[in-house]
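Notes follow once the structure below has been shown.
Note on naming: letters A, B, ... go to the chains in the order of the sequence lines (proteins, then strands), and numbering restarts at 1 for each one. Quick note: numbers below take in every heavy atom, side chains included, and nothing from hydrogens, waters or symmetry partners.
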2 protein chains.
Amino acid sequence: MNQDEIDYLNKYDSSKYQTPITTVDIAIVTLHEQQLKVMLAKRDKHPFKDAWALPGGFVDVKQDQTLEDTAHRKLFEKTGVKTPYLEQIYTVGNNSRDPRSWSITVVYMALVSADLLNLHAQNASEQIQWFSLNELTQADELAFDHLDIINACKDRLRSKVEYTSLPVHLLAESFTLTELQQAFEIILGTTLEKKSFRRRILDAGILKETGEMKTGNNRPAKLYRYNGNKNNHFFNRNIEGAR
Amino acid sequence: MNQDEIDYLNKYDSSKYQTPITTVDIAIVTLHEQQLKVMLAKRDKHPFKDAWALPGGFVDVKQDQTLEDTAHRKLFEKTGVKTPYLEQIYTVGNNSRDPRSWSITVVYMALVSADLLNLHAQNASEQIQWFSLNELTQADELAFDHLDIINACKDRLRSKVEYTSLPVHLLAESFTLTELQQAFEIILGTTLEKKSFRRRILDAGILKETGEMKTGNNRPAKLYRYNGNKNNHFFNRNIEGAR
DNA sequence: ACAATAGTGTCTATTAGACACTATTTA
DNA sequence: TAAATAGTGTCTAATAGACACTATTGT
């Protein structure tokens with residue numbers, strides 16, 4: 001860096017340009033009672049005071065080093081979960097979505113196992129509630145364009161389920177193949193053929209048997225653990241529901 | 001909107017919060033002389049003065065209604081092209097990518113047919129050059145994290161070619177199946193089997209014969225036109241090169 | 001006729017879907 | 001032994017890959 005550039009940077013004052021306000025919003029999604037749920041928080045400030053909105057907020061330029069840090073921070077504040085599956089979905093920016101100003105939001109989606117969340121305790125609070133992803137409509141009058149954003153997340157979920165192993169992130173650390181199949185079915189909104197499903201998943205080599213069994217009033221089922229960290233496995237052929 | 005909210009908005013001054021600076025960058029990609037090329041512009045200002053960078057810049061809150069408007073505006077300034085295939089790739093934001101400040105950039109990729117561009121005229125200018133997408137390295141010392149961004153675009157291109165019809169956007173309005181196959185091959189970096197390729201594309205029903213033929217020193221080839229506007233067709237099985 | 005490229009016929013290999021079957025538990 | 005769910009055997013259908021073949025042009 002030469003003196004010329006150093007001088008330029010010393011004189012640079014980013015606050016003197018008119019720029020959009022930039023936020024990060026997160027769709028925190030979980031699977032509970034056979035339904036996909038998304039967390040919404042009641043806004044305690046203008047604009048859209050008292051409306052339900054995705055958790056989110058401004059980048060804290062002191063505290064956050066990256067956009068992912070902002071997303072992780074917000075997620076931890078709301079759920080206490082530190083290492084979820086977190087994926088950037090897209091960024092919306094225009095001059096009409098926020099009455100204050102030209103506004104940009106970077107949207108993340110987090111998938112969290114319900115067993116890491118104390119869903120009932122959180123429901124007791126007035127401020128946070130879990131909504132069924134499929135039942136949200138215009139009538140719910142969400143803040144900003146958050147209904148559109150949630151629908152975009154739902155579409156992304158659905159389409160990724162067709163060719164990835166993404167639903168594992170909605171389950172507990174160990175799970176049966178039937179539980180995994182149900183997660184796929186709930187996201188896709190169809191039933192899947194058992195044998196094909198099991199073959200697809202097992203042939204992919206992405207699960208490891210834990211050695212434990214899940215017992216009930218019937219034949220016990222093998223428990224598996226996902227073997228691929230926070231990454232998804234990509235199949236090179238879509239699952240049936242896609243057709 | 002009630003009086004309370006109106007008062008809040010009247011008093012709201014977005015410039016008093018410290019926020020990241022936000023830009024839009026575009027990877028403009030074309031196919032020329034059997035190679036993928038990306039357009040870079042030489043920076044005439046600090047920071048990274050005189051380094052090559054992706055075209056891009058700040059959202060103009062007066063002129064642009066949406067982020068896509070900003071991308072289209074930048075693209076038009078550089079190429080004169082108004083309606084390209086334009087896709088949002090992702091958004092990078094952190095406190096280290098720009099020496100001025102915490103910085104966010106929303107990255108778009110545009111695919112443009114080489115026959116809409118006057119590549120030679122542009123190469124004559126000192127300010128803009130087309131670089132082979134596969135030959136850019138650290139040694140080129142691109143501005144900011146633009147090499148990383150370009151590599152992310154390259155990865156996205158490659159992976160989408162495995163299951164979409166995306167390469168049609170790199171060709172002229174009418175093209176032969178052999179030209180389309182070559183575009184796929186260049187992006188994938190492999191050769192494809194002719195019969196499978198043609199069957200896949202024709203069975204998808206995404207092309208329409210123009211009725212014209214392309215002639216040369218050999219059997220003439222049917223010319224086709226893409227039948228799907230700016231959307232991609234999604235195949236439910238990946239192409240060979242994927243394995 | 002030959003070179004060059006366009007375009008096809010058809011066999012094989014792979015894998016998803018269908019569906020009936022067997023296995024293992026509790027009550 | 002019945003109910004319930006886990007898990008398998010195996011046939012069929014769909015489709016991608018391989019590759020040899022035919023077709024049509026200019027020279």
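With sequence neighbours left out, A:D69 forms a side chain to side chain contact (heavy atoms under 4.5 Å, CB included) with A:D64, A:Q65, A:T66.
Residue B:R219 places none of its side-chain N or O atoms closer than 4.0 Å to OP1 or OP2 of D:dA23. Not one side-chain nitrogen or oxygen of A:R237 sits closer than 4.0 Å to the OP1 or OP2 atom of C:dT15.
In the set C:dG7, C:dT10, D:dG7, D:dG7 carries the atom at the smallest distance from any side-chain atom of A:A221. Nearest nucleotide to the A:S196 side chain, out of D:dA4, D:dT25, C:dA16: C:dA16. Taking only side-chain atoms of A:K195, from C-beta outward, the nucleotide of C:dA18, C:dT8, C:dT14 with the closest atom is C:dA18. Closest approach to the A:E193 side chain among D:dA18, D:dA6, C:dC19 is made by C:dC19 (side chain taken as heavy atoms from C-beta onward).
The nearest heavy atom of DNA chain C to A:P220 and to B:P220 marks one nucleotide each, and the one closer to the 5' end goes with B:P220. Heavy-atom nearest nucleotides on DNA chain D were determined for B:M213 and for A:N217, and the one closer to the 5' end corresponds to A:N217.
Evaluation of atom-type donor-acceptor distances gives a pair under 3.5 Å for the side chain of A:R199 against the base of C:dG17.
Between the side chains of B:S174 and B:T210, no donor N or O sits under 3.5 Å from an acceptor N or O.
Two residues are said to be in side-chain contact when any heavy atoms from C-beta on lie closer than 4.5 Å; B:L54 and B:F144 fail this criterion.
The CG-P distance, from A:N218 to D:dT1, rounds to 20 Å in whole Å. As a whole-Å value, the separation of B:R198 CZ from D:dT15 P is 20 Å. Note: NZ (A:K194) to P (C:dT22) measures 14 Å, nearest angstrom. In this structure, CG of A:D203 is placed 11 Å from C1' of C:dT14, rounded to the nearest angstrom. When rounded to the nearest whole Å, the span between CZ of A:F197 and P of D:dA6 equals 12 Å. Note: CG (B:N238) to C1' (D:dT15) measures 14 Å, nearest angstrom. Between B:Q181 atom CD and C:dT5 atom C1' there is a gap of 12 Å when expressed in whole angstrom units. Atom P of nucleotide D:dG17 and atom CZ of B:F235 are separated by 12 Å, given to the nearest angstrom.
Remark: A:K230 is not positioned above the aromatic ring of A:Y85, lacking an NZ or CZ atom under 6.0 angstrom from the ring centre and at most 45 degrees off the axis.
A:T178 comes within 4.0 angstrom of sugar-phosphate atoms only, judged by non-hydrogen atoms across all strands, and of no base. Heavy atoms of A:K222 sit under 4.0 angstrom from primed sugar atoms or phosphate atoms, though from no base atom.
Environment of NZ in B:K222: sparse, with no more than 12 heavy atoms of neighbouring residues, nucleotides or ligands closer than 6.0 Å.
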